[in-house]
Each structure stands twice: as structure tokens, then as C-alpha cells.
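Chain identifiers are assigned alphabetically (A, B, ...) following the order of the sequence lines, protein sequences preceding nucleic acid strands; residue numbering begins at 1 within each chain.
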There are 2 protein chains.
Amino acid sequence: MIKKKISIKDIARLTNTSITTVSFVLNGKGRISKEISKKILDVAQKNGYEPNRMAIGLRTGVSKVIGLIVETIGGPFFGAMAKVIEEEAEKAGYGVIYCSTNNNIQKGKDVIKMLSQQLVDGYIITPMKGLEKEIQNLVANEKPVVLIDGYFPGIDIPHVLVDNYGSSYNAIEFLIKSGYKNIGFVTADLELVQLNDRMQGYKDALKAGGIKEDKKKIFKLPFDAEREEAVNAIKTFISQQNQMDAIFFTTNYLGIMGLQSINELKLNIPGELAVISFDDNEIFNLYPPGITTVRQPTYEIAKSAIDMLLSQMTAEKYNIAKIKLQIPATLIERGSTTTLVTK
Amino acid sequence: MIKKKISIKDIARLTNTSITTVSFVLNGKGRISKEISKKILDVAQKNGYEPNRMAIGLRTGVSKVIGLIVETIGGPFFGAMAKVIEEEAEKAGYGVIYCSTNNNIQKGKDVIKMLSQQLVDGYIITPMKGLEKEIQNLVANEKPVVLIDGYFPGIDIPHVLVDNYGSSYNAIEFLIKSGYKNIGFVTADLELVQLNDRMQGYKDALKAGGIKEDKKKIFKLPFDAEREEAVNAIKTFISQQNQMDAIFFTTNYLGIMGLQSINELKLNIPGELAVISFDDNEIFNLYPPGITTVRQPTYEIAKSAIDMLLSQMTAEKYNIAKIKLQIPATLIERGSTTTLVTK
DNA sequence: TTGAAAGCGCTAACAG
DNA sequence: CTGTTAGCGCTTTCAA
């Protein structure tokens, strides 16, 4: 039962009409008589007609597809986003295709190139340093773009992300209020605004709390470190501190490796070391005694991003209202940061 | 600096040649003189020429894109797969686009429909009951398809997945050899061959170990249960057993909720209850005392799947050599299943 | 070695 | 209300 794909022309032939008529009926344009309409619809239905997106795309210049370029496919953060973006896009008649950059600039460029070959109408992109030019090109070509999870300082492209500065600030402030005074900071050695903002929040919160910043308490893990290597590096970092009583991890990923490090060092949480990690995760909920986290508003971010994109795509005029959208995070308090009574 | 997309025709005009010539040069077909070639290449380069995939697709009937339809985007299992599939596909000149079904039949149908509208040349699909017809249709239309993570019993479509039966059998056998005798089994209430195969492995291993199967030790969690509801159900199940000494979870997802249940019941692992879960996961490595798991060979599965697909796509003739590929899993032994000396 | 021209499936102005 | 027709950008046959 090989159903050769049937075309609009075939339907026209089968129904003794013209392709225009068929096209109109199928698209509900022009006014075609009831009976002819019905005949055409019947034949189309019976033969399982499906429009050829390529042809439509070529003709109209729109593909009705949105490209979602993320750092890693997989991973709960983008997984959750993907779901809501997909749903919203579908409501508006758009499909979504994903591509991942794996934090590799070249891969990022390749992916943008591939998608820009008329495959997608709009983009949601996790930006990374090195892609500025490509992304600006997209915008210059009047392609709708929304950045998520990051942005390019000084470049006006619509973006939506968590309030990295504020939520880090709050997390550190919370630690200080709970009685912790020697707070370590572990981040990745990547040039990402998100991470810089988180660091600034940390520094400012310390200052506001009257604590002197100590460079030795800040550790930047090389991005390309192997798992084991990374864990060892974190262990070394922790061991070198003499009286660190709390530690803040700037990402999910780092937090998990941090837990392993702390575990291997046999340090008690929070007795010997309090812990907070950015990005909530199942593991932080489960791992005893529960790890306090900064939970990103994934739903809101995704929803805002797709909304901004869709409005860009449908608006007749350029009307980029909110260029910057920073959404606050929630601090999820768990057992890893109990208030210090000894003090 | 709006660069209007330049076409092959523009290049022809700019170089005083014909579109044929340009096309030939750009594709390295026909023999065009060195100088004209150079001129064309230069102009194309300078103007940032990019072929229009839609046009090529329309003309040639191939899109050079592979569709990957999975249950959930996000989640470590598919995340890892996606990465290797992407890499291999790229080597062969294919792009990859993802779509998720979220275990929803209608969504699955919609996604297949969307992709089948000439958007992709081949499919890698996580099958689910209810999609048999759509997928058979694809095959009937001579579209290359490879199923992963599952298959349709009785329907001959190439597929590759872990040896669900064998690896469950081994896991249970391992428990028995370690001295456990009352082994519970928690699975999801979904009609998936994977799960059925895992259950059969459990039953057969019990029988082989001389242990009588006990229906009351098998629990099927309703698929649509909310998180909390699910945890409670598992807690109830565990509490009702009088002397269960080990428990096997058939998925990652269940295993994690199982841990939470066990945690809330304050049962000691493995002292009061040994634990094994299907699908390895970071959390199982970290959660004390380490949870023994059946690790799926994600790399091999993904690699085989994309290889099978690519060979289907490039082969002149239908030459589906290995229709069924079942790859063994690895049992990762951790602290949750120490050998019982008391006994 | 190069060019003219047909046509992939579809939309949409323009005619009737 | 319905049909004719001209492309969208590209590949490819055939002819020059």
C-alpha cells in the first residue's frame, strides 16, 4: 500500500478542476461553491493529501518552524523549557526543531547556518561568546530572535533570563543572615554573562553584609575538565580553605560535582559546610539533608521567550517592547543551610 | 548592513554567466573553466551566498535532515543519545531535528505528520503503542525508519535497544546470588514492550533461582500519577510487604521516586531493603550508599541506530540486514546491594 | 565548456 | 465562482 505522495495537481485532475480551485478550497481562501469544495475535500481526504512544506516554504518564504538552539539538549533545565515552548508554538501553528551547540562556538555557527538556510522563521537561542556576529546577522536580516539564559552586554537583542545578579545576591544574603561568614564560591571558567552576574551578586552581597571579599574563596573550574579531574579540583579547593563554613555553586552541574567532592571528603552538611547551588534539580531534593537551591523560573522564562518571539513574528511592524526581561528566582530552602545557632 | 539573501541567479548576473554555470561550479559538477569558476566562487563568497534548502528540497526531494522523535526531550538518556546521533549525522551531511511526544499518542501522530510533510529524509523514533499505523505508513512510503528503545512485536521494522529481558534477568539473578530472596518489582502501568520484557526477565530469573513468584510483590504505578501521589503509592506498596528484602525499579524515573519513598519511610539501604534500578543516573552514583543500576549502553544504541538509518538512506537497494539489535547492558554494582552475610 | 529551459508543488495576482 | 499563469531557487537534461 505504497501511497505515492499526492499533489494539488493530482487532486485537480481527479476532480476536473484547476489547481487554483484546489488550493483555494484547501486553504479556505476565495469562495468556491459548496459542491466543488466538498468533492475536492473528499478526494484530498481519501488520498491522504498533505501539503508539501518545501513548496510552501519556497513560495511563501515562511516555514512555520521555530529553531531552538540550546547549549545541551537533555538536561532538565532545557528539557522543561522545550516542553512549554513546543506547546505554545504549536498553538500558534508553528513547529519547533532543536539544535545543540554543546558550548562549542564552531558548532554554534554551523547550526545557525544550517537553520538560516531558510529552514526556520524565528530563533530562540542560548547565546555564547563568539556568536555575536552570527546572531546580529540574523537580526539584520530581519529574522525574529529571542535570547534565553543569557544576553550580549551592549547589544540590543531581546532576551529573557533569570535575574542572575539578584538571585545570587539573595542566596548569599540568606547565608549571611543564617550566620555563615566564610562563604566560598565555585563557578565555571566560562565567559558567560550569567556567571559574571552571579559572581557580582555574590560580591555585592558580601560587601552589604560587611564581609570582606577573599579572592582565595573563589574558584573557577576549567570548563573542559573531565569529571573526575573536576571533582578532585573541587576537593582540593575545599581542603585548602581553613575556615570556610558555606559554599555556593553557580550551576547545577557544579553543585552535583560539589556534592560528590564533599561526600568524598566526608564533610558533614551543613555541620561542617553549608551548601547552596544555583538551578534546582531532583538530586538536590533527594540528597540528604536536602540542598538549598536557587530555582530558576523555567516556565516563565520559556513562556516569555516564545511569546516575545511570536509577537515579533506576527507584528506587522517592529515593535520590540521589552528588550530585557529578568525574572526573579525562588530560593528553595532545604537542610543544607540550617541557621547557625552556635555563633 | 542588511544582506538580502543572494541567489544563484544574482551570482549569475554579477558574473555575467548563467545560472547553470553557477550551479555547476557551486556543486562541483560539470567542468567549468578555472577562471570562471574562480570568479563565481569569489562572488558567492563575498556575498555570503547560502543555498536555499527549501528550493533544493523541492527540486531534489531530499532535505538532508533526520527527524528524531523521542518520548521526552531532556532527560539524560535521550540527551546522551542525541549527542552521538547528531555527531554521526553531521559527518554524513545530515542535520538533526528533534521532536517529543511526551508519551502522548496524538502528539506522536502530529509530530510524524509534520515531519512527513517532506521535511525529513529519515526517522529515528521511540515507538509507543498507538503509533503502529503511522510508522508503518512511513515505511510503506519507503522512508527509512529505525526504532530505538522499543519495538512493535510482530512488525518488522529495524530497531535497536538494550536487551531488556537479559539485563533484568541478570540483575535479579545477581540479587539472588547476593542472598536476597524476597524481591519486589516496581514498574509503570504502560503498555511498552520494554517494560514487559523487563518483567519477564524478573519472573524467569526468580524461577531459575527457585523462588516462587508472588503477585503481591509486583507493583504497577499508574503512569499519570502526580509526583507526590506516586511516592505515596510506592510507600504504601513497600509498607505492605512483610519481608521484602530487595526491590527492583524498572526505570530511572521510578527508581528516583523509589529512593524518595524509601527515604521517607526511613528504611536503611541495603540493611532493610536492597535496591536496584534500571537506567543509570548521576543521582544513583551520589545517593548514599550508591544505588546499583542497570546501565544502558546509550552510546552503542545511538551509534547503531544512526548507522542503520544512514545505511538505509544511502543503500541503493533495500538491504535491511539486522532488523533486531539487542545490546547487553552493564550492571553497575554499588552499595545498595551488598552481599547478605546474615543468612 | 557553457547556456536555455523545464519543472519540483505551491500561492496569488489577474482574467474571465 | 473558477481557471490561467507566473514565478519562488534550484537541479539537470539537452543543445549549442
Side-chain angles (χ1 to χ4, degrees), chain A residues 3-41 43-44 47-65 93 113-114 116-121 141, chain B residues 3-41 43-44 47-65 93 113-114 116-121 141:
Chain A
K3 295 190 300 186
K4 270 276 148 281
K5 280 283 174 199
I6 195 173
S7 82
I8 207 173
K9 194 158 73 180
D10 300 320
I11 298 184
R13 191 166 30 73
L14 257 30
T15 55
N16 290 315
T17 56
S18 76
I19 58 171
T20 312
T21 310
V22 175
S23 175
F24 278 163
V25 171
L26 261 22
N27 294 297
K29 298 275 174 81
R31 288 146 299 278
I32 307 293
S33 69
K34 266 267 160 55
E35 39 179 357
I36 295 198
S37 284
K38 189 176 175 340
K39 192 163 57 174
I40 290 177
L41 255 12
V43 173
N47 296 67
Y49 170 76
E50 305 246 323
N52 182 321
R53 303 280 278 234
M54 295 277 186
I56 298 179
L58 179 57
R59 181 62 233 240
T60 63
V62 306
S63 63
K64 283 289 188 180
V65 177
K113 191 168 174 180
M114 157 176 157
S116 72
Q117 290 169 349
Q118 332 295 335
L119 279 180
V120 305
D121 293 344
N141 283 306
Chain B
K3 297 188 300 187
K4 270 276 148 278
K5 281 283 174 200
I6 195 173
S7 81
I8 208 173
K9 193 157 74 181
D10 299 320
I11 298 183
R13 192 166 30 74
L14 256 29
T15 55
N16 289 316
T17 57
S18 78
I19 58 170
T20 312
T21 311
V22 176
S23 175
F24 279 163
V25 170
L26 261 21
N27 294 298
K29 298 276 174 82
R31 291 145 297 279
I32 307 293
S33 70
K34 267 264 158 57
E35 40 178 358
I36 295 195
S37 285
K38 189 175 173 345
K39 192 164 57 173
I40 289 177
L41 256 12
V43 173
N47 295 69
Y49 170 75
E50 306 246 325
N52 182 321
R53 304 278 280 232
M54 295 277 187
I56 299 179
L58 180 57
R59 181 63 231 241
T60 63
V62 305
S63 63
K64 283 288 188 179
V65 177
K113 191 168 176 180
M114 157 176 156
S116 72
Q117 291 171 351
Q118 333 294 334
L119 280 180
V120 305
D121 293 343
N141 283 306

Is any side-chain heavy atom of B:Asp10 less than 4.5 Å from a side-chain heavy atom of B:Asn47? no
Using a 4.0 Å heavy-atom cut-off, does B:Ile19 contact any base of the nucleic acid, only the sugar-phosphate backbone, or nothing at all? base
Side-chain N or O of A:Lys9 less than 4.0 angstrom from OP1 or OP2 on C:dC8? yes
Can you find a side chain N or O atom of B:Ser18 that sits less than 4.0 Å from OP1 or OP2 on C:dG3? yes
Is any side-chain heavy atom of A:Val65 closer than 4.5 Å to one of A:Leu119? no
Check: A:Ser23 side chain, A:Ile19 main-chain N or O, donor-acceptor pair, under 3.5 Å: no
In whole angstrom, give the distance that lies between atom CG of A:Asn52 and atom P of D:dC10. 17 Å
What I'd like to find out is whether the side chain of B:Leu14 reaches to under 4.5 Å of the side chain of B:Ile6, using heavy atoms alone. yes
What is the distance, rounded to the nearest whole Å, between atom CG of A:Leu26 and atom P of D:dT2? 15 Å
Are the side chain of A:Ser63 and the backbone N or O of A:Gly57 linked by a donor-acceptor pair below 3.5 Å? no
Looking only at D:dC10, D:dT2, C:dT2, the nucleotide nearest the B:Pro51 side chain is D:dC10
Interatomic distance, B:Ile6 CD1 vs D:dC10 C1' [rounded to whole Å]: 15 Å
A:Ile32 CD1 to C:dG16 C1', straight-line distance once rounded to whole Å: 14 Å
Closest nucleotide of DNA chain D for B:Thr20 versus for B:Leu58: which of these residues is on the 5' side? B:Leu58
Could you tell me whether B:Ser33 contacts a base, only the sugar-phosphate backbone, or nothing, with contacts defined as non-hydrogen atoms closer than 4.0 Å? sugar-phosphate
Output yes when a side-chain donor or acceptor of A:Asn27 lies under 3.5 Å from a complementary backbone atom of A:Lys29, and no otherwise. no
Closest to the B:Ile36 side chain, choosing from C:dT2, C:dT11, D:dT2: C:dT2
Just how far, in rounded Å, is C1' of D:dT2 from CG of A:Asn16? 13 Å
Within the structure, does a side-chain N or O atom of A:Asn27 lie under 4.0 Å from either OP1 or OP2 of C:dT11? yes
To the nearest angstrom, how far is A:Arg53 atom CZ from D:dG9 atom C1'? 19 Å
Nearest listed nucleotide, side chain of A:Arg59, among D:dG9, D:dT2, D:dC8: D:dC8
With the side chain defined as heavy atoms from C-beta on, A:Tyr49 is closest, among C:dT2, C:dC10, D:dT2, to C:dC10
Between B:Lys29 and D:dT12, is there a contact of a side-chain N or O with OP1 or OP2 at under 4.0 Å? yes
Using the closest heavy atom to pick a nucleotide of DNA chain C for each, name whichever of B:Ala55 or B:Lys34 lands nearer the 5' end. B:Lys34
From the set C:dT2, C:dT11, D:dG3, return the single nucleotide nearest to any side-chain atom of A:Ile8. C:dT11
Separation of A:Phe24 atom CZ from D:dG3 atom P, in whole Å? 11 Å
What is the distance, to the nearest angstrom, from the CD1 atom on B:Ile56 to the P atom on D:dT12? 10 Å
